[in-house]
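Below you'll find the structure, written out as structure tokens, and then a few comments.
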Amino acid sequence: MDSPPMTPENLPLSEAEKIILRWDSTASDEAREKMIFDGDRHEVDLYLQAVDEIQRSISSTSISDDTNKVNPAVQIAMARLEDEFRNILISHTIPIEADSLTEQDLEQQPSSSSSPIHHEPNDGDSNYVNDEGNKLFRFNSEGTCSNVSVNSSYRSISSIREIDLIPSEAVYDLRCIAERMISSGYLRECIQVYGSVRKSAVDSSFRKLGIEKLSIGDVQRLEWEQLETKIRRWIRAAKVCVRTLFASEKRLCEQIFDGVGTCIDDACFMETVKGPAIQLFNFAEAISISRRSPEKLFKILDLHDALMNLMPDIDFVFDSKSSDSIRVQAAEILSRLAEAARGILSEFENAVLREPSKVPVPGGTIHPLTRYVMNYISLISDYKITLNELIVSKPSTGSRYSGDPSTPDMDFEEIEEKTPLDIHLIWIIVILQFNLDGKSKHYKDASLSHLFIMNNVHYIVQKVRGSAELREMIGDDYLRKLTGKFRQAAISYQRATWVGVLYCLRDEGLHVSGGFSSGVSKSALRERFKSFNAMFEEVHRTQCVWLIPDSQLREELRISISEKLIPAYRSFLGRFRSHIESGRHPENYIKYSVEDLEDAVLDFFEGIPVSLHLRRRSN
């Protein structure tokens, strides 16, 4: 379409009307098929000048027949500008690649061809601010980086990463159109067009980020294993959405609408992102009000931490009154996640206390509950910073349960200086031991019962010692109590097992009346050796299949047994061997050498049956 040889300056009203009518898309196929802003810049400026001239004529002319003749031209112009506005938004939107919508990519230092100006830090520069990736970006006095290339630049405000969604030339055209539509009373149409196009762009980015359209009910019906994966994805996506997508949409609204009218940029921003923002936060809300169970604690804490870290960014991006609902929703979800974490910890404590299994674990080894609980509280210690802020009260125990035989008591005065979270962890260990004490009573063999307690409390001690965080939280004073408990269990085991065995090796009852010189009763001595052999064989038979999983503890207990058993047997054998060997069939009574016993003790606590007779060396 040929343009008339006319400049925008001093455009007569009649010529302005002709220009408007020539681009009436309802009047000709040519006008309908072409877009003004896709063509020559002179034609664009001329059309905008024509719109300005008609608007001036309306504002300066009283209502008359001549003025009414102009009104159709305004309507045609606004319809045309609306189409142009939509076309620019659609055709000039810069596609966002999926790879660029990742937190890792956003935190990487940009390449030299597409980054804002980057300076190396120096000791005297106070304008450096660390971002989450421990990289340094320099800010000017206004707190922003200067824009560079149109298609790839961003500015950084704390953790916000704003990118250019539309080239600056197109932004300029959009602002020109918006100013004229709004001044002509077409604000609603302008906002609707803008919101529909940009919301589609945001929806496209959501799909690339893997954000699904799930209702709260949909989320709550998913299996927890599915939710764990979705929570990890949501945390990554939420950071990108708030710090990049939403922030960039807000910036684009400001570039196009700021100053055009009162709060119009806010209105367009909310028209674009309110729906997606609600969709984003509905997922976290569904998790915060879902059924509580111990396995959910750590993902809920991950969600809480992620949202807590995002709150300053949410406040920055959604800072207007019209976006109050988004800020309120985020804050309420954060509060519910905190309450859920506290509730889960309390329910976990109760579950440990009430864990009902009564079938003894074979061989007195570490109970699955012990492993589960200690691994659980080790993970809790990894969230120490967060939970210290959330857990502000001590466990519900002590005087409340005083005298209740089904619940242990705990003296808080001994650990008064500890944080509430530390006390909760100690309390969990207390109730775990209480439960284990109950389980130990299901063993018919008292020795095995003591071995079970020794194994499990030793495991607790080793888990605490193996974690610097957990050891600091539990404290050395309580750790010494735990160490004392498993050592006492080891002593109790030895007493229950070996007092009877060693009793066979005493001198009392072996001598004939009349004093030591009167002689030894061979019959009594034979019975004593037979009793020792039978008792030791029974101990060996049963305790080879008992299990001490910790090799160092197993070796220490074997050494302790040998230190009592071997000297006593060697001494007894030395004193009385000759009395047996002088009689008939001495091999029936002296069945084992000292070396046989030393070897046999090495079979203990391996969890494997071993024949003692195959162990015997030739005497």
Side-chain angles (χ1 to χ4, degrees), residues 349 352-353 355 361 363-382 384 395 397-398 408-419 421-441 443 446-499 543 546-564 601 604-605:
E349 293 167 357
V352 173
L353 180 63
E355 198 281 327
V361 292
T365 189
I366 301 165
H367 198 283
L369 177 66
T370 306
R371 294 185 185 275
Y372 176 75
V373 170
M374 292 311 299
N375 288 332
Y376 197 85
I377 68 173
S378 293
L379 287 173
I380 288 177
S381 69
D382 293 338
K384 172 182 175 180
T397 180
D409 289 327
M410 182 173 174
D411 187 359
F412 288 127
E413 292 182 0
E414 295 182 1
I415 50 176
E416 191 65 37
E417 76 285 355
K418 291 289 185 182
T419 68
L421 176 61
D422 296 346
I423 295 174
H424 273 274
L425 295 191
I426 294 173
W427 170 240
I428 291 172
I429 295 176
V430 168
I431 58 180
L432 171 62
Q433 291 181 85
F434 183 81
N435 191 312
L436 292 171
D437 287 340
K439 295 183 188 307
S440 72
K441 294 178 175 60
Y443 289 102
S447 298
L448 186 54
S449 175
H450 295 308
L451 191 81
F452 171 77
I453 293 297
M454 180 197 72
N455 270 328
N456 282 268
V457 178
H458 178 267
Y459 180 83
I460 294 170
V461 169
Q462 292 304 100
K463 291 293 287 187
V464 173
R465 285 178 176 167
S467 166
E469 285 285 350
L470 191 54
R471 181 166 186 166
E472 180 184 355
M473 297 170 77
I474 298 300
D476 288 338
D477 289 343
Y478 190 69
L479 188 58
R480 279 191 290 271
K481 288 186 177 181
L482 289 171
T483 303
K485 178 162 183 174
F486 89 75
R487 293 196 184 282
Q488 182 58 51
I491 293 171
S492 297
Y493 152 78
Q494 292 183 69
R495 287 175 178 167
T497 299
W498 296 104
V499 166
Q543 299 197 14
W546 293 0
L547 181 61
I548 299 178
D550 185 87
S551 59
Q552 183 177 346
L553 180 61
R554 184 168 63 244
E555 184 61 25
E556 287 177 357
L557 190 55
R558 286 171 178 170
I559 291 172
S560 181
I561 292 169
S562 295
E563 287 175 346
K564 296 176 178 63
V601 170
F604 289 1
F605 318 126

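- In this structure, Ile380 CD1 and Asn375 CG are separated by 11.5 Å, a value rounded to the nearest 0.5 Å.
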Candidate pair Phe605 and Ile561, rule side chain to side chain contact (heavy atoms under 4.5 Å, CB included), full reasoning | CA-CA 12 Å; Phe605 318 126; Ile561 292 169; 3.8 Å; yes

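- Residue Ile474 holds its CD1 atom at 10.0 Å from CD1 of Ile460, rounded to the nearest 0.5 Å.
- In terms of heavy-atom proximity, Val373 sits nearest to Leu432 at CG1-CD2, 3.9 Å.
- Checked by atom type and distance alone, the side chain of Ser449 pairs as donor or acceptor with a backbone atom of Ser440 at under 3.5 Å.
- Contact detail for Met473 and Lys418: the closest heavy-atom pair is O-NZ, 3.2 Å.
- With sequence neighbours left out, the side-chain contact (heavy atoms from CB on, under 4.5 Å) criterion links Gln552 to Asp550, Glu556.
- With sequence neighbours excluded, the residues forming a ring pair (Phe, Tyr, Trp, His ring centres under 6.0 Å) with Tyr372 are Tyr376, listed by chain and number.
- In this structure, the separation between CD1 on Ile431 and CD1 on Ile426 is 12.5 Å, given to the nearest 0.5 Å.
- Looking at Gln488 and Ile453, their side chains never come closer than 4.5 Å, going by heavy atoms from C-beta outward.
- In the displayed structure, Arg495 atom CZ is contacted under 6.0 Å by at most 12 heavy atoms of other residues, nucleotides or ligands.
- Arg487 is linked by a salt bridge (charged side-chain N to carboxylate O under 4.0 Å, His left out) to nothing, counting only residues two or more places apart in sequence or in another chain.
- Among all heavy-atom pairs drawn from Asn455 and Leu547, the shortest one is ND2-O, 2.9 Å.
- Evaluation of the ring-ring contact (aromatic ring centres under 6.0 Å, His included) test over residues 449-482, restricted to residues two or more places apart or in two chains, returns Tyr443-Phe452, His458-Phe486.
- Nearest approach of Leu479 to Val461, heavy atoms of both residues: CD1-CG1, 4.0 Å.
- Of the inter-residue distances, the one linking Leu369 atom CG with Glu355 atom CD reads 5.0 Å to the nearest 0.5 angstrom.
- Between the Asn456 side chain and the Thr370 main chain, no donor and acceptor come within less than 3.5 Å of each other.
- Looking at residues two or more places apart in sequence or on another chain, you find a salt bridge (charged side-chain N to carboxylate O under 4.0 Å, His left out) between Asp437 and Lys485.
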Dump the intermediate steps for side chain to side chain contact (heavy atoms under 4.5 Å, CB included) on Gln433 and Leu482, then the final yes or no.
-> CA-CA 10 Å; Gln433 291 181 85; Leu482 289 171; 3.3 Å; yes

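- Shown here for Trp427 and Pro408, the closest heavy-atom pair between the two residues is CH2-O, 3.4 Å.
- Leu553 is not listed as a side-chain neighbour of Gln462, based on a closest heavy-atom distance of 4.5 Å or more.
- Identified under the salt bridge (charged side-chain N to carboxylate O under 4.0 Å, His left out) test for residues 452-473, with sequence neighbours left out: Lys384-Glu469, Lys384-Glu472, Arg471-Asp476.
- Summarising the geometry of Leu451 relative to Gly363, their closest heavy-atom pair is CD2-O, 3.9 Å, with the distance given to 0.1 Å.
- Counting only heavy atoms from C-beta outward, the side chains of Leu557 and Tyr493 approach each other to under 4.5 Å.
- Residues Leu425 and Ile429 form no side-chain contact, since every pair of their non-hydrogen atoms from C-beta on lies 4.5 Å or further apart.
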